[in-house]
Amino acid sequence: MSSTIEELERRREAARVGGGLKRIGAQHAKGKLTARERLDVLLDEGSFEELDMYVEHNCVDFGMQDQVIPGDGVVTGSGTINGRLVFVFSQDFTVFGGSLSERHAQKICKVMDSAMKVGAPIIGLNDSGGARIQEGVASLGGYAEVFQRNALASGVVPQLSLIMGPCAGGAVYSPAMTDFIFMVKDSSYMFVTGPDVVKTVTNEVVTQEALGGAVTHTTKTSVADNAFENDIEALLAARDFFDFLPASNRAMNGGGVPERPTADEWDRIEESLDTLIPASANQPYDMHELIRKTVDEGDFFETQPAHAANIITGFGRIEGRTVGFVANQPMVLAGVLDINSSKKAARFVRFCDAFEIPIVTFVDVPGFLPGTAQEHNGIIKHGAKLLFAYAEATVPKITVITRKAYGGAYDVMASKHLRGDLNYAWPTAEIAVMGAKGAVEIIFRGKTPEEIAERTAEYEARFANPFVAASKGFIDEVIQPHSTRRRIALGLRKLRGKALENPWKKHDNIPL
Ligand code: HXC
């Protein structure tokens with residue numbers, strides 16, 4: 001081997017070992033993989049092409065000139081997931097705690113720019129103590145360069161963040177600007193300031209886990225979408241998830257929803273759905289069952305399953321093509337719309353619309369949740385987010401009302417009036433301003449219990465069905481539950497050529 005080739009190999013090896021074997025051991029001891037091991041799990045075998053392996057930081061303060069590690073704490077490049085191109089960066093906690101220097105930021109920006117240029121998703125594996133403290137404002141500038149690209153890439157290429165270690169300061173704001181965040185339980189944290197600063201400023205005593213662990217962020221805050229047991233589970237889930245995502249918002253260059261061949265018949269009949277709705281209107285049932293029986297091979301990737309479970313969001317496929325599902329869940333809070341469920345579904349609908357993913361909406365909703373807690377925390381503004389998101393969406397929209405569609409929530413849930421393309425109802429649907437009893441108690445206030453009961457029966461007979469709405473053309477067809485998949489598949493086929501544009505504007509002003 002010539003000496004120049006030996007030199008290349010020597011330099012590569014120095015970069016591969018990052019912060020050294022001792023720190024790699026410490027990383028493993030915490031149950032974490034290294035930056036490169038993670039990429040090995042995430043990407044197809046042998047597909048990773050690394051860039052900028054020899055980049056070094058340019059800091060000369062605090063003795064940094066004597067601590068130079070090639071690659072500077074982040075591994076960047078591109079590879080494939082099941083054959084589809086993806087750009088990646090993976091922060092190396094063994095190098096200055098994965099902290100972001102000016103040069104580290106430049107490496108991330110380079111792959112982000114490439115991803116946007118060619119129209120391919122970006123996946124960031126985050127394991128970083130935030131801004132490189134020794135660099136001061138240079139690292140803050142580096143973060144802002146990344147943030148700027150996060151904003152420009154939003155709606156152009158899908159951005160997925162995996163949080164795989166303690167992420168503080170700037171290390172949380174870049175993921176927060178991406179489309180989806182996955183976390184690892186017990187080893188990943190996200191906070192603007194850690195427990196020590198919290199104690200100093202507010203005198204609160206809190207653990208890292210309680211302040212910003214995976215459970216906190218996937219249940220309470222909804223900052224993160226999904227939590228996984230360990231690095232490998234999270235990375236394998238990211239591969240599955242990636243398979244649902246379009247490459248970009250452009251139909252050309254491999255953009256558009258991916259297609260996966262399926263043996264599942266498009267017109268599969270599901271007789272069991274005919275008995276999904278219980279006899280009593282107040283009895284719950286699991287809306288997941290309808291989703292699983294509708295999608296190809298029962299394969300459904302749910303986003304934010306642990307937050308606002310009164311609405312279900314996630315991706316499935318029909319005839320091999322990605323579809324976004326939004327569904328009220330009668331098992332949780334009777335499927336009511338509240339602040340959290342409105343925000344959750346609104347963001348999901350906007351992601352689907354940005355990337356031309358058709359939306360199927362299953363409706364069983366008793367209305368918006370009443371009460372001072374909701375009103376004082378702004379249900380009007382937050383509920384309007386979902387209304388706005390559905391109203392502005394131009395992708396194919398198919399709606400199936402299974403049972404209740406009451407009040408404003410009827411309008412919100414992809415109704416005909418919000419440019420629903422195909423609005424179906426099951427024979428069990430009840431489309432009305434509110435439930436019969438509540439309605440009668442308002443319009444016949446002060447009447448005897450017998451009269452109320454009589455009027456309730458009358459109201460039910462008149463409105464507790466889909467036919468009044470169907471007689472007005474608000475429902476296109478009343479369908480048999482067992483044929484739901486067939487109807488949706490046919491609808492999506494017909495809507496593939498849908499072309500609908502909103503009036504020109506710089507951008508809208510959704511109630512944030
Ligand atoms: C430089 C850092 C670093 C940082 C960690 N290290 N964070 N070096 N800049 N920000 C180094 C440590 O010196 C150590 O080096 C190694 O990484 C591992 O760190 P430990 O503290 O030993 O690890 P651990 O106990 O697991 O704690 C991890 C941690 C903690 C929670 C991330 O290191 C921490 O709190 N770091 C500082 C977080 C922070 O305040 N960041 C700045 C945020 S401000 P050795 O040589 O011992 O291996 C910010 C501004 C941007 O980001 C805002 C934009 C909106």
Side-chain angles (χ1 to χ4, degrees), residues 17-35 56-74 89-109 124-151 161-178 181 183-202 205-214 216-217 223 231:
V17 78
L21 296 178
K22 198 166 152 229
R23 291 195 183 90
I24 290 175
Q27 180 87 343
H28 287 158
K30 288 182 205 149
K32 294 161 69 183
L33 299 178
T34 65
E56 297 172 351
H57 70 70
N58 55 354
C59 180
V60 290
D61 293 313
F62 302 104
M64 286 297 278
Q65 66 277 16
D66 301 324
Q67 302 178 59
V68 175
I69 296 174
D72 203 26
V74 63
F89 67 87
S90 180
Q91 289 175 315
D92 184 349
F93 193 78
T94 71
V95 180
F96 307 115
S99 60
L100 183 133
S101 67
E102 187 182 333
R103 293 276 165 82
H104 177 128
Q106 282 171 6
K107 287 181 65 173
I108 294 176
C109 290
L125 309 183
N126 297 268
D127 192 353
S128 167
R132 176 91 46 92
I133 293 166
Q134 296 89 334
E135 287 203 10
V137 71
S139 65
L140 297 182
Y143 260 127
E145 294 285 341
V146 177
F147 300 154
Q148 177 65 64
R149 282 163 179 79
N150 287 132
S161 300
L162 274 71
I163 311 296
M164 314 196 81
C167 287
V172 298
Y173 274 111
S174 171
M177 291 171 81
T178 64
I181 299 181
M183 289 184 78
V184 182
K185 287 184 195 161
D186 302 321
S187 62
S188 77
Y189 311 99
M190 296 178 80
F191 28 70
V192 175
T193 57
D196 294 346
V197 178
V198 171
K199 172 84 176 72
T200 309
V201 177
T202 70
V205 177
V206 64
T207 60
Q208 292 199 74
E209 187 63 41
L211 184 63
T216 298
H217 283 312
V223 164
D231 282 14

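These numbers come from a predicted model, not from an experiment. Whatever order the structure lists ligands and atoms in, that order sets their numbers, starting from 1.
Summary of contacts: the protein heavy atom closest to atom 31 (C) of ligand 1 is Pro166 CB, 4.0 Å. Looking from atom 43 (C) of ligand 1 to the surrounding protein, the closest heavy atom is Gly169 CA, 3.9 Å. Regarding atom 37 (C) of ligand 1, its nearest protein heavy-atom neighbour is Gly129 O, 3.9 Å. Among all non-hydrogen protein atoms, the one lying nearest atom 52 (O) of ligand 1 is Gly170 N, 2.7 Å. Protein heavy atom closest to atom 2 (C) of ligand 1, with residue, atom name and distance, is Phe96 O, 3.5 Å.
Looking at residues two or more places apart in sequence or on another chain, you find a side-chain contact (heavy atoms from CB on, under 4.5 Å) between Cys59 and His57, Asp61, Met64, Gln134, Glu135. A search for ring-ring contact (aromatic ring centres under 6.0 Å, His included) contacts involving Tyr143 returns Phe147, not counting sequence neighbours.
Side chains of Leu33 and Gln27 form no contact here, defined as non-hydrogen atoms less than 4.5 Å apart. For the pair Leu100 and Arg132, the minimum side-chain heavy-atom distance is 4.5 Å or more. Val172 is not listed as a side-chain neighbour of His217, based on a closest heavy-atom distance of 4.5 Å or more. Inter-residue side-chain proximity for Tyr173 and Val146 is flagged as unmet; no heavy-atom pair is nearer than 4.5 Å. For the pair Pro195 and Thr207, the minimum side-chain heavy-atom distance is 4.5 Å or more. Residues Thr34 and His28 meet the side-chain proximity criterion, which asks for heavy atoms closer than 4.5 Å.
For Gly194 against Leu211, the heavy-atom pair with the smallest separation is C-CD2, 3.9 Å. Between Lys32 and Ser187, the shortest heavy-atom distance links the atoms CG-CB, 4.2 Å.
Residue contacts with ligand 1 include Phe93, since one or more of its heavy atoms lies under 4.0 Å from the ligand.
A salt bridge does not link Lys30 to Asp127: none of the charged nitrogens lies less than 4.0 Å from a carboxylate oxygen.
Closer than 4.0 Å to atom 34 (C) of ligand 1 lies none of the heavy atoms of the protein. In this structure, atom 25 (O) of ligand 1 has no protein heavy-atom contact shorter than 4.0 Å. Less than 4.0 angstrom separates atom 12 (C) of ligand 1 from none of the non-hydrogen atoms of the protein. Within the 4.0 angstrom cut-off, atom 21 (O) of ligand 1 has no protein heavy-atom neighbours. Not a single protein heavy atom sits closer than 4.0 Å to atom 15 (O) of ligand 1. Atom 9 (N) of ligand 1 is approached by the protein to below 4.0 angstrom, counting heavy atoms only.
With a 4.0 Å cut-off on non-hydrogen atoms, Leu140 touches ligand 1 through its side chain and not its backbone. With a 4.0 Å cut-off on non-hydrogen atoms, Lys30 touches ligand 1 through its side chain and not its backbone. Under 4.0 Å from ligand 1, the heavy atoms of Ser99 that appear belong solely to its side chain.
At distances below 3.5 Å, at least one donor-acceptor pair connects side-chain atoms of Asn126 with backbone N or O atoms of Leu162.
Applying the 4.0 Å criterion to heavy atoms of Gly130 picks out, from ligand 1, the atoms 52 (O). Within ligand 1, counting atoms from 1 as listed, the ones closer than 4.0 Å to a heavy atom of Arg132 are 9 (N).
Taking each of Gln134, Arg23, Gln67, Lys22 in turn, the one with a heavy atom nearest to atom 46 (O) of ligand 1 proves to be Arg23.
For ligand 1, the polar-atom distance check against Gly97 finds a nitrogen or oxygen pair separated by under 3.5 Å.
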